[in-house]
Amino acid sequence: MNVLEKILEEIEEATFQEDAPVYVGDVEVDGYVLASRVEEIIRSHMYEANKVGWISVAERLPEVNELVIVTVHVSDWVSNYGDDWVREEDKKYYPEEFLKTVGWLCRNDKWIYLDEYMQETTCSKSFGNDKGCIYNVVTAWQPLPEPYKGGKENE
């Protein structure tokens with residue numbers, strides 16, 4: 001259940017039901033909730049609503065050129081994979097890994113992220129089958145947190 005569904009459920013539970021019809025102007029209403037109670041319910045969930053987790057790129061994408069935190073799935077690969085002149089025992093296997101870094105989505109639907117050397121790296125759209133190639137695919141993202149402003153709201 002997401003945060004908005006929780007808020008709606010709590011508002012529904014807080015709704016006063018009357019035996020006699022209640023009118024707001026000329027309109028008959030089934031029940032009502034005090035505005036102060038609605039505000040209290042919403043405020044009780046504000047931190048939870050602002051706490052955004054990982055969003056799958058299959059579910060939703062950020063705005064183009066918006067700097068976000070990304071998970072980059074790096075495929076496993078083998079050095080000198082297709083080179084017949086390198087002995088099999090001299091080829092090195094690199095396992096898959098998952099990186100957390102910053103990146104952005106370009107207008108052409110390609111992702112760019114900053115690698116461990118702070119170099120811009122363009123991602124593959126999907127994994128291929130060539131074990132001699134490294135495939136970097138962004139699988140999830142989340143917005144950057146709000147900047148620290150000091151005071152109680154950052155605790």
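Note: hydrogens, waters and symmetry copies are ignored here, and every other heavy atom, side chains too, is used. This chain uses plain numbering: 1 for the first residue, then up along the sequence.
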- For Cys123 and Val138, work out which heavy atoms get closest and say how close.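 Shortest heavy-atom separation between Cys123 and Val138 comes out as SG-CG2, 3.6 Å.
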
Joint cluster assignment, [X] & [Y], ILVMFWY side-chain distance < 4.5 Å:
| X | Y | result |
| --- | --- | --- |
| Leu114 | Leu144 | yes |
| Leu67 | Trp54 | yes |
| Val102 | Ile112 | yes |
| Trp104 | Met118 | yes |

- Step through the shown structure and confirm whether more than 12 heavy atoms of other residues, nucleotides or ligands are within 6.0 Å of CD on Glu63.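 Count not over threshold, so no.
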
So how far is it from [X] [atom1] to [Y] [atom2], rounded to the nearest 0.5 Å?
| X | Y | atom1 | atom2 | value |
| --- | --- | --- | --- | --- |
| Glu116 | Thr101 | CD | OG1 | 9.0 Å |
| Glu40 | Glu10 | CD | CD | 9.5 Å |
| Thr71 | Gln142 | OG1 | CD | 7.5 Å |

- Message: In the structure I gave you, are the side-chain heavy atoms of Leu61 and Ile55 within less than 4.5 Å of one another anywhere?
- Response: no

- Side-chain heavy atoms of Ile69 within contact of Trp141, under 4.5 Å: no

- Task: Step by step, work out the side chain to side chain contact (heavy atoms under 4.5 Å, CB included) result for Val57 and Trp111.
- Result: CA-CA 11 Å; Val57 297; Trp111 283 92; 3.9 Å; yes

